[in-house]
Number of protein chains: 2
Amino acid sequence: MQLGQFDLFCQVARVKSFSKAAKLLHISQPAISAQIHSMEEFYGIKLFERTPHGVTLTPAGTVLFDYAKQILELHEDLERKLTGMADEKNQKLVVGATPTVGGHALACGIWTFKDKYPDLQINLEIDNPQEIVTKIYDKDVDLAIVECPVRNFKGLTVKNVFTDELVAIVPNNAHWAGRTTVTLDELLKNRLILREEGSELHLLLDEALRPLNLRFADLKPSTSISSASAIKTAVENGHGVSIGLRLTVQKELRHGNILALTIENVDPRVEYNLVYRDDDLTGVAKRFIRFITSPGELEVC
Amino acid sequence: MQLGQFDLFCQVARVKSFSKAAKLLHISQPAISAQIHSMEEFYGIKLFERTPHGVTLTPAGTVLFDYAKQILELHEDLERKLTGMADEKNQKLVVGATPTVGGHALACGIWTFKDKYPDLQINLEIDNPQEIVTKIYDKDVDLAIVECPVRNFKGLTVKNVFTDELVAIVPNNAHWAGRTTVTLDELLKNRLILREEGSELHLLLDEALRPLNLRFADLKPSTSISSASAIKTAVENGHGVSIGLRLTVQKELRHGNILALTIENVDPRVEYNLVYRDDDLTGVAKRFIRFITSPGELEVC
DNA sequence: ACCGGTTACGTATCCCGTAATCATT
DNA sequence: AATGATTACGGGATACGTAACCGGT
């Protein structure tokens, strides 16, 4: 039995659904199903009642839930204690990130990580992708997360940790309500507000538009703003539309102020990559990698 | 992190040696080394100081030892509780075994298992191999452990759980002291006391002697005794020599009353096989299989 | 040379993701 | 139809054992 299985089990128990837990943990539903099944096999007793609306804990599942929480709690205690015992080098961690990742996904994750290990000193270094990679080489940062592909660099390990998607960001008003997709042409008929040239979005859009023989510059955005939150405010108030990563507008989506539409004929996939030198990793760095690659941790604030 | 790794770690911490722990857990030394290494990697801190004489816990290792014991204790509690909640079918387990296995290896294991799950009702059914297999088919026993190969039976799963060896059993007196091997010829010059014809030993010896074109009957034992303990008493007192499985004389070996010698030119390996029907396994049966196949559990009393 | 731990490598198993399927509303 | 769970299958990671290799007594 793995501790991760307890974690998975607790998530399922909390949200009372295999599929919801799968989304939260960023793994597939069959993976959840298989893990729960293997736990039921392991303990020789049914843990969930499957209903059409989700799942509910059996009495045995309730007992397991209780113990699983205790065991996980103990283990977190243990990790905190061990972290406190590490030598000086292992008490300090410098994480690099691009503005998009650093401002949304990572910012929250770092707080969670720091909550787990209060003794750690963590610095978040935000810069553009090229600079970040240079800093990894120079050992100024221990590891970094960037949303653009990092290629042709030897001595660096690149691991995909999350898949985001490019979406059209439009106000949730009478004109757009109910829509789920939009063509690029229709989008361009509106006032388009984008991040500035040279930003990560620039690179991402160049990449995504290449199959259409278009480039970032061809979009001719009426306004370029270097602040993601300023763009969101503008869109919310009906001043225009934008294109961005779903993760950066997750909070606003929940509030219903804006809509995120799929752009037809554009492959929306954007991979977030964890990058680090394969040698010279400190213990903290390894633990952070484990933290950030474990399901469900890379969440927006 | 797996619970089994905590278990492994605790064993190493207790015996303060990788190789000793490997023997106890019936796995190889490199396996121990790799597991401990992966735990040190996982927590980012060294857990053992390696010395030429074995290993000692670092301060971090001491902390982990403490927590590991707590976590394992909690988990055993959990398993007990879940076992108590199982339905009636899952509270009863019938284990089959041949006399050799049942009288030595399993007898102790079953007590350990019962200690873990006091609510269980366990029956140990001892019979000869053919009868045992029949009883598995008839669902009179849930699973069995036999020390002879079970072949050509469809619908049965056979898993090797332990490797024992056939040894010559001689008194620890002036004549034999210091010896580690013996030829079959020399052995036959002594009064040979064996288990009765038709016993498992009969089958095992027929198998082991086949490469030499010999059979059990060719040994012409001067005495056949159906009781293993009676044979051991006779050998201890210098009344003769015998051949048997190392496991059956482990206790006497520790006391130094007798010696176990390798018989030259005889392949001593004897596999203990776990046998069960692949369908219709109860939860308890699965748990017992897990118990018995987990390292270090199949120990002589 | 021996004992104890590590490294290297081939193999078996497990776990996940994708895709197809089943069951219920 | 649509939602939610299971089954089938292929690929990647993991853990084991064997064998060869150090390092200290």
Side-chain angles (χ1 to χ4, degrees), chain A residues 1-9 11-13 15-42 46-58 61 157-163 180 269 271 278 289-290 293-296, chain B residues 1-9 11-13 15-42 46-58 61 157 159-163 180 269 271 289-290 293-296:
Chain A
M1 186 58 46
Q2 300 191 139
L3 291 180
Q5 294 183 268
F6 289 138
D7 208 38
L8 183 148
F9 173 87
Q11 289 286 1
V12 175
V15 300
K16 298 181 191 308
S17 157
F18 283 17
S19 45
K20 285 203 187 87
K23 283 193 191 75
L24 279 174
L25 299 173
H26 301 302
I27 60 177
S28 69
Q29 189 186 61
I32 303 271
S33 187
Q35 285 296 337
I36 297 297
H37 192 75
S38 96
M39 288 180 77
E40 293 179 323
E41 177 100 346
F42 185 89
K46 202 163 158 192
L47 300 171
F48 286 105
E49 290 296 343
R50 277 76 161 173
T51 77
H53 316 293
V55 295
T56 58
L57 284 170
T58 62
T157 301
V158 179
K159 266 188 192 171
N160 175 255
V161 289
F162 191 75
T163 301
T180 60
R269 282 174 303 173
E271 309 292 341
D278 2 29
I289 290 173
R290 177 158 56 78
T293 52
S294 76
Chain B
M1 188 57 46
Q2 300 190 145
L3 291 180
Q5 293 183 267
F6 288 138
D7 208 40
L8 183 147
F9 173 87
Q11 290 286 359
V12 176
V15 300
K16 297 180 191 304
S17 157
F18 283 15
S19 45
K20 285 202 187 90
K23 284 192 191 75
L24 279 174
L25 298 172
H26 301 303
I27 59 178
S28 70
Q29 189 188 63
I32 302 271
S33 188
Q35 285 295 339
I36 297 297
H37 190 75
S38 97
M39 290 180 76
E40 292 179 324
E41 177 99 347
F42 184 90
K46 202 162 159 193
L47 300 171
F48 286 105
E49 291 295 344
R50 277 74 161 175
T51 77
H53 317 294
V55 296
T56 58
L57 283 171
T58 61
T157 301
K159 267 190 190 168
N160 174 255
V161 288
F162 191 77
T163 301
T180 60
R269 282 174 305 172
E271 308 292 342
I289 290 172
R290 176 159 55 80
T293 52
S294 76

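Quantities reported herein were computed from a predicted structural model and do not represent experimental measurements. Throughout, protein chains are lettered first and strands after them, A, B, ... in sequence-line order, and every chain is numbered starting at 1.
- The CD atom of Glu49(A) sits 14 Å away from the C1' atom of dA5(D) (whole-angstrom rounding).
- Lys46(A) pairs by the salt bridge (charged side-chain N to carboxylate O under 4.0 Å, His left out) definition with Glu49(A), not counting sequence neighbours.
- To the nearest angstrom, P of dT6(D) lies 9 Å from CD1 of Ile36(A).
- The separation between Phe42(A) atom CZ and dC15(C) atom P is 11 Å, rounded to whole Å.
- Note: NZ (Lys46(B)) to C1' (dG5(C)) measures 12 Å, nearest angstrom.
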Problem - Base-contact (B) and sugar-phosphate-only (S) positions in nucleotides 10-24 of chain D, heavy-atom cut-off under 4.0 Å, - elsewhere - result: -----SSBBB----S
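- Here the side chains of Val12(B) and Met39(B) are not in contact, with every heavy-atom distance at 4.5 Å or above.
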Practice task
Tell me, with the steps shown, if Phe48(A) and Leu57(A) meet side chain to side chain contact (heavy atoms under 4.5 Å, CB included).
Solution key: CA-CA 5 Å; Phe48(A) 286 105; Leu57(A) 284 170; 3.4 Å; yes
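- Residues Val55(B) and Leu47(B) have side chains not in contact (no heavy-atom distance under 4.5 Å, counting atoms from C-beta outward).
- dG17(C) atom C1' lies 17 Å from atom CZ of Phe18(A), rounded to whole Å.
- Distances shorter than 4.0 Å separate none of the side-chain N or O atoms of Ser33(A) from OP1 or OP2 on dA5(D).
- For the pair Phe48(A) CZ and dA5(D) C1', the interatomic distance rounds to 13 Å; values are reported in whole Å.
- Between the P atom of dT6(C) and the NE2 atom of His37(B) lies a distance of 9 Å, rounded to the nearest Å.
- We find that CD of Glu40(A) is positioned 12 Å from C1' of dT6(D), with the value rounded to whole Å.
- Contact annotation: the side chain of Ser38(B) approaches that of Gln5(B) to within less than 4.5 Å [non-hydrogen atoms, C-beta and beyond].
- Met1(A) is not listed as a side-chain neighbour of Gln2(B), based on a closest heavy-atom distance of 4.5 Å or more.
- Taking 4.0 angstrom as the limit, Arg50(B) places a side-chain polar atom (N or O) nearer than this to OP1 or OP2 of dT6(C).
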